[in-house]
Every structure is written in C-alpha cells, then in structure tokens.
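As a basis for the values below, the full set of heavy atoms in this structure was taken, side chains included, without hydrogen atoms, waters or symmetry mates. Owing to the predicted nature of the structure, the values given are computational and were not obtained by experimental measurement.
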Amino acid sequence: MTDALTRTTPKRLSTLDKWLPLWIGLAMVAGLVLGRFVPALSDALSAMEVGGISVPIGLGLLVMMYPVLAKVHYDKVAAVTGDKKLLVSSLVLNWLVGPAVMFALAWIFLPDLPEYRTGLIIVGLARCIAMVVIWNDLACGDREATAVLVAINSVFQVVMFSVLGWFYLTVLPGWLGLDAQGLEISVWQIALNVLVFLGIPLIAGFASRFIGEKRKGRDWYEEKFLPRIGPWALYGLLFTIVLLFALQGNAVLAKPLDVARIALPLLVYFGLMWFAGLLLGKGIGLGYARSTTLAFTAAGNNFELAIAVAIGTFGAASGQALAGVVGPLIEVPVLVGLVYVSLWAARAWFRTDPYTAESRTS
C-alpha cells in the first residue's frame, strides 16, 4: 500500500500492496483480541469521545485520509464537475438506490430481528466519505473524481440523513404495514462527523499542495514530499481498524451467530452496489478510472457515522450498534477483495491497463 498510496505515475502493486488483505486481517484480529483481553482499552476509548466521536479513532482517520487527499490534483477538479453523467449516476446510486437496496435486504434477511434490521438500514443511509479514497486509489481510480463525489456525499449527508432515516424507519414501513422504529439524529451530529472525517483532511491536503507547489514546485511536491507522507495512510488505516474492533470486540465475539446473520445481507449489499456502479459506468461510457470511482463510492459506507448514530440513538449495548460495528467487519475485507476484482475487470471488461496514466484520466 505504501507504493500504491504514494505513486504519482501508477505502477503495479508492490509486494507489500499484494499482502494488504493480510495486514488488514491481522489488524482486525489484533483489535478483537485487545477488546477481549484488555477491557480497560475499550473503556478508555469509550471515555474519550467528543460529540459521539472517539477521539483516537478520529485521529486515526485523519492520519489515514490526509496523504491521499494531499495527492489530489485540485486544479483538475473543475473538469470532474463538468462530467454530468458521473455526478448524476453517483447521486442516483448513493441516495436513491443504495438506501432502498439496504432497506429491502434488511427486511428480507432479518424480518424477525428488528434491532439488527434498523442498524443495517442506518448503515445504508451513511454514505462513504472516508475509506473510499483508499480503495479507489488502490484500484487506480480517478482521485479527483473521488474527491468531488465524497464532497457531494458529505453535503447530501448533512441535508438528507435525518430525512431518509425518518422515511425508511418510520414512513415506508408504515405504508407497507411493517413494524417501524423511529430515528432521531441532529443535523449537528452529522455535520460534526463530516467535518472531522472529510473537512479537516481535505483542507490540509489542499493547503499542502498549494503551499508545497508554490514554494518548491510540483516536481519536488510529487517526487519528494508525497513519498514521505504516503506510508502514513497505511499506518492510519491499520490503527483505525485495530481501535474499531477493540472498541466492539466483546460484542462481536459474544454473538457469533448474530454477527453471521448481519453479515449475509451486508455481503449481498456490497457486491450488488459495487457491480452496479462498475457496470453502469461502463454502460454510459465513463471509462475504467471513473467507473471504478463510481463503483467504490456507491458500495462504501460511512461506518463511523452509522455507529455514532446507532449508539447515540439506541445505546452502545443495542442491537443497532452491533449491526453498525459488523459493517466495517464485513466492508473492509470485501472492498479490499473488490480492489483486485476491479484491477482484473480493467483488462477483462475495459480492455485497458489500470496502471497506465491514460486509464486514470479516461
């Protein structure tokens, strides 16, 4: 991942990159073990919360996000916003299709478990604004397009999360004659999550490129500065995963059958949304890089927001919170696997080499 996250001219995955699923798996296991055998750590993480956000986890996400956003060519963002097909497709997949698919899967797979069902629906409403930049970069997607789409998702998240939560948890079940569980979440809580997990690293990344290129030039910035900060994306990712699973390790280990039942609709959801995004992008002629970006932004979810909402609304020991925790447990390895599927699809479906500069700007 260190090469993949620091490259400016794409190249094939390094040996370290190829073992990325192993490092993530080890981080997940380490987190679960720490949560099980060092309960004081979980208590400490729970105690260090500001506005429902665990401060150490927030710092881990900031460290993870900054190097990737520092690599974005912000002078190319205007070209991305002019791609109406990409923007409209992303909005439809993220805010119409995604929540509806998760609602349907939650009721199909968990009709007798209302708490887990509600937790899954909340996960479906929390569109990805963080780790998608990592998966997209590893799959050689369009970095500038990803920056624009996650920014748009952030704005829509602040505006639409509460509205969609009310619709899918109260209104629609009532229309269909189903049991309903309401959702109360403030716009401020959503805005705080967006500010922490996207706003701060986005501003820092933009400032780094602007100041670095102005003082020492683009060549220095691309060839000297980015390779130095690039590995910190991996460190931040693994640190965040360890803490997340340490925080909820006891809940996951105590209810393995429940975790399995929650995992099944999540597996279906991630696969459906990712393939829908990739195939839609190919069908409307976006090219490999932007089709990949569309796929990962459609499939990913903001599990930090989902967990924060579930805990804040229903409590840390609730089934809704457990469903939120299972989200990254399934999402992380599945989307890492889809990175490799995407690289295969570049050649098999798009007839292009994903590591060429042309494929990343097409």
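In this structure, Glu115 contributes its side chain and Gly319 its backbone to a donor-acceptor pair below 3.5 Å. In this structure, Ser90 contributes its side chain and Leu87 its backbone to no donor-acceptor pair below 3.5 Å. Using modelled atom types, one side-chain atom of Asn301 and one backbone atom of Ala126 make a donor-acceptor pair closer than 3.5 Å. No donor-acceptor pair under 3.5 Å is formed between the side chain of Asp137 and the backbone N or O of Val133.
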Which donor-acceptor pairs under 3.5 Å do side chains of residues 257-266 form with protein atoms, sequence neighbours excluded?
unit_1, atom_1, unit_2, atom_2, d
Asp258, OD2, Tyr116, OH, 2.5
Arg261, NH1, Asp112, OD2, 3.3
Arg261, NH2, Phe109, O, 3.0
Arg261, NH2, Asp112, OD1, 3.0

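Phe210 is linked by a ring pair (Phe, Tyr, Trp, His ring centres under 6.0 Å) to nothing, counting only residues two or more places apart in sequence or in another chain. Legend: residues meeting side-chain contact (heavy atoms from CB on, under 4.5 Å) with Trp349, ordered by chain and number and at least two apart, are Phe275, Leu278, Leu279, Lys282, Trp344, Ala345. With sequence neighbours excluded, the residues forming a side-chain contact (heavy atoms from CB on, under 4.5 Å) with Lys216 are Trp220, listed by chain and number. Ser342 meets the side-chain hydrogen bond (donor to acceptor under 3.5 Å, both in side chains) test with Tyr288, Thr292; sequence neighbours excluded. Annotation: side-chain hydrogen bond (donor to acceptor under 3.5 Å, both in side chains) contacts of Tyr66 (sequence neighbours excluded): Ser208. Judged as a side-chain contact (heavy atoms from CB on, under 4.5 Å), and not counting sequence neighbours, the contacts of Val33 are Val29, Phe37. Residues that satisfy the side-chain hydrogen bond (donor to acceptor under 3.5 Å, both in side chains) test with Arg36, not counting sequence neighbours, are absent from this structure. Listed by chain and residue number, nothing satisfies the side-chain hydrogen bond (donor to acceptor under 3.5 Å, both in side chains) test with Trp232 (two or more places apart in sequence, or in another chain). Phe167 is linked by a ring pair (Phe, Tyr, Trp, His ring centres under 6.0 Å) to Trp175, counting only residues two or more places apart in sequence or in another chain. Every residue two or more places apart in sequence or in another chain that forms a side-chain contact (heavy atoms from CB on, under 4.5 Å) with Leu91 is listed here: Trp95, Ile152, Phe156.
Ile121 is listed as a side-chain neighbour of Trp107, based on a closest heavy-atom distance under 4.5 Å. At least one side-chain heavy atom of Met28 sits less than 4.5 Å from a side-chain heavy atom of Pro333. The side-chain heavy atoms of Trp135 and Leu338, taken from C-beta on, include no pair separated by under 4.5 Å. Within the 4.5 Å cutoff, no side-chain heavy atoms of Arg127 are placed close to those of Met160. Looking at heavy atoms from C-beta onward, Arg209 lies in side-chain contact with Leu226 at the 4.5 angstrom threshold. Within the 4.5 Å cutoff, no side-chain heavy atoms of Val101 are placed close to those of Val268.
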message: Determine whether Leu86 and Leu149 satisfy the following criterion, side chain to side chain contact (heavy atoms under 4.5 Å, CB included), listing intermediate values before the conclusion.
response: CA-CA 9 Å; Leu86 174 65; Leu149 294 185; 4.1 Å; yes
- request: Take Asp142 and Thr293 through the test side-chain hydrogen bond (donor to acceptor under 3.5 Å, both in side chains) and record every step on the way to the result.
  value: CA-CA 6 Å; Asp142 188 317; Thr293 295; 5.5 Å; no
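A salt bridge does not link Glu144 with Lys71: every distance from a Lys NZ or Arg NE/NH1/NH2 to an Asp or Glu carboxylate oxygen is 4.0 Å or more.
Considering every non-hydrogen atom in both Val97 and Met273, the closest pair reads CG1-SD, 4.0 Å.
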